[in-house]
Amino acid sequence: MSEMPPAIEAAYAAAGHSYLEFDDNLLLPALYGERDQHLDRIERQLGVSLVPRGNRLAIAGPASATEIAHTALSHLYERLKRGQEIDVAAIDAALRLAQAEGEDRSLSLWRDDAFFRTRKRRIAPRSAAQAHYVKAMREHALVFGLGPAGTGKTYLAVAAAIDLLMAGKVERVILSRPAVEAGERLGFLPGDLRDKVDPYLRPIFDALNDMLPADQLQRRLGNGEIEVAPIAFMRGRTLAHAFVILDEAQNTTPVQMKMFLTRLGDGSRMVVTGDPTQVDLPPGSRSGLADALEALRGVEDIATVRFTEKDVVRHPLVARIVGAYEARDRAARGDEEQG
């Protein structure tokens, strides 16, 4: 982007407008979208007016909204210059991050250390909570990521693990889940170990397939650089120089959780993800995740990042579904307290 002359910039600011000028017209169709659909989406979400004139884009509207639009469009344009594509999800993510940056100037949402690099793609946060999560995983030995489905807890944790593995900063990636549906009695299921655990670990494999070419993933699974196994297979081990992820941790027992957390060895990092509201343990059983959060409160080098339905980055309807369930559950709890 080229700089706007100071006099013109001052005139636009005085009129309550913002102004962008781009130095590569060939990128503008992708930035604006087919029939300007990307601009239309930004206008609807922010209540601004976006008027393209050649390689210039005028932004009119409330000052806070024009600032968000200006920041988002600037970074989307830089994304195109790096050869990355833009879609509706990227537009929505840029708007969320621009708004978060305006509210908290300490967030470094667009710097290189806010991204994870994998063999297939560069993976960036799409909400303020995700940005805090990325920062926490870079700075702490143990991180708890808590919140509803669709907020990117597991996906970003896998991205962090693959990033460090590719950089040679860890030697192994170990990913685990409690197989509560089978009661951990995997020996009674047909097939070899992979057949037994695949149904319970499929979301982790899906994330890995999104980040590594198939041949590399199979090779690394084969030589043990990447290990995917139920929590029952972690007992008695020390996991050194590894990035360790425990997914769906709300379905562990306190004994399982303590066992898993104490596997952490030299040069290792651990991320524990879960949704405390979706416990599938037998009625009356205490969740190991809730127990750990209570026991470890205030312990040094442990970070906890909490997500809400506002951080859901799947289909927009997912956020509304999560919000509706949470509102229903809050109302039910209120009725019980009054009763």
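Sequence positions, counted from 1, serve as the residue numbers for this chain. Please read these numbers as outputs of a predicted model, since none were measured by experiment.
Here the side chains of Q99 and L46 are not in contact, with every heavy-atom distance at 4.5 Å or above. Put simply, the side chain of R41 does not reach to within 4.5 Å of the side chain of E43, judged on heavy atoms. Counting heavy atoms from C-beta on, the side chains of D163 and F243 never come closer than 4.5 Å. Side-chain atoms of I86 and R79, non-hydrogen and from C-beta on, do get closer than 4.5 Å to each other. Side chains of L20 and S74 form a contact here, defined as non-hydrogen atoms less than 4.5 Å apart. Two residues are said to be in side-chain contact when any heavy atoms from C-beta on lie closer than 4.5 Å; L175 and T154 fail this criterion. You'll find the side chain of I123 stays beyond 4.5 Å of the side chain of I162, heavy atoms only. Residues Q45 and D92 meet the side-chain proximity criterion, which asks for heavy atoms closer than 4.5 Å.
Nearest approach of P276 to G147, heavy atoms of both residues: CD-N, 4.3 Å. The minimum heavy-atom distance linking L264 with S268 is given by the pair CD1-CB, 3.6 Å. Between A30 and L80, the shortest heavy-atom contact is CB-CD2, 3.8 Å. Closest non-hydrogen pair, G145 versus Y133, comes out as CA-CE1, 3.8 Å. Closest approach of T252 to P178, counting heavy atoms only: CG2-CG, 4.0 Å. Closest non-hydrogen pair, A149 versus D275, comes out as N-OD2, 4.4 Å.
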Discussion item. Using the rule given for side-chain contact (heavy atoms from CB on, under 4.5 Å), can you reason through H241 versus V170, listing the C-alpha separation, both sets of side-chain angles and the distance that settles it, and then say yes or no?
Written reply: CA-CA 5 Å; H241 307 291; V170 296; 5.8 Å; no
Discussion item. Assess the residue pair K81 and D23 against the criterion (salt bridge (Lys or Arg N to Asp or Glu O under 4.0 Å)); give the C-alpha distance rounded to whole Å, side-chain angles, the decisive distance to 0.1 Å, and a yes or no.
Written reply: CA-CA 10 Å; K81 290 179 72 172; D23 53 18; 3.8 Å; yes
Discussion item. Apply side-chain contact (heavy atoms from CB on, under 4.5 Å) to residues F116 and R138 and explain how you reach the verdict.
Written reply: CA-CA 10 Å; F116 292 126; R138 291 202 181 280; 3.4 Å; yes
Worksheet item: Step by step, would you call L212 with M166 a side-chain contact (heavy atoms from CB on, under 4.5 Å)?
Response: CA-CA 10 Å; L212 290 172; M166 298 295 98; 4.2 Å; yes
Practice prompt. Check the pair D40, R35 against salt bridge (Lys or Arg N to Asp or Glu O under 4.0 Å), reporting the backbone distance first and the verdict last.
Written response: CA-CA 9 Å; D40 291 342; R35 295 190 298 276; over 6 Å; no
Discussion item. Apply side-chain contact (heavy atoms from CB on, under 4.5 Å) to residues V299 and L142 and explain how you reach the verdict.
Written reply: CA-CA 10 Å; V299 175; L142 173 59; over 6 Å; no
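Here the straight-line distance linking atom CE of M257 with atom CG of L289 works out to 5.0 Å at 0.5 Å rounding. To the nearest 0.5 angstrom, R44 atom CZ is 11.0 Å from L39 atom CG. A distance of 9.5 Å separates CG in L57 from OH in Y19, rounded to the nearest 0.5 Å. One finds the CG atom of D266 at 11.5 Å from the CG atom of L239 (value rounded to the nearest 0.5 Å). Once rounded to the nearest 0.5 Å, the distance linking CG of L73 with CD1 of I42 reads 4.0 Å. Considering CZ of R263 and NZ of K258, their distance stands at 10.5 Å, rounded to 0.5 Å.
In this structure a side-chain-to-backbone donor-acceptor pair under 3.5 Å is missing from D280 to N251. A distance-only check finds a donor-acceptor pair linking the side chain of Q250 to the backbone of Q278 [under 3.5 Å]. With hydrogens and angles disregarded, no donor-acceptor distance shorter than 3.5 Å links the side chain of T71 to the backbone of I68. In this structure a side-chain-to-backbone donor-acceptor pair under 3.5 Å is missing from Q216 to P213. No donor-acceptor pair under 3.5 Å is formed between the side chain of K153 and the backbone N or O of V272. No donor-acceptor pair closer than 3.5 Å links the side chain of R96 to the backbone N or O of A128.
A tilted orientation is assigned to the rings of Y77 and F22, their planes being inclined by 30° to 60°.
Open room surrounds CD on E85; 12 or fewer heavy atoms of other groups in view lie less than 6.0 Å from it.
Residues L296 and M270 share a hydrophobic cluster, clusters being chains of Ile/Leu/Val/Met/Phe/Trp/Tyr side chains in contact below 4.5 Å. Transitive grouping of hydrophobic side chains (ILVMFWY, heavy atoms separated by less than 4.5 Å) keeps V279 and V255 in distinct clusters. Residues L31 and L26 fall into different hydrophobic clusters, defined by Ile, Leu, Val, Met, Phe, Trp and Tyr side chains chained together at heavy-atom separations under 4.5 Å. Linking ILVMFWY residues whenever their side-chain heavy atoms come closer than 4.5 Å, directly or via other members, leaves Y32 and V88 in distinct clusters.
Between the side chains of T151 and D311, not a single donor N or O lies within less than 3.5 Å of an accepting N or O.
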All N/O donor-acceptor pairs, side-chain side in residues 224-236, below 3.5 Å, sequence neighbours left out:
unit_1: E225; atom_1: OE1; unit_2: R220; atom_2: NH1; d: 2.8
unit_1: E225; atom_1: OE2; unit_2: N223; atom_2: ND2; d: 3.0
unit_1: E227; atom_1: OE1; unit_2: R237; atom_2: NH2; d: 3.0
unit_1: E227; atom_1: OE2; unit_2: R237; atom_2: NH1; d: 2.8

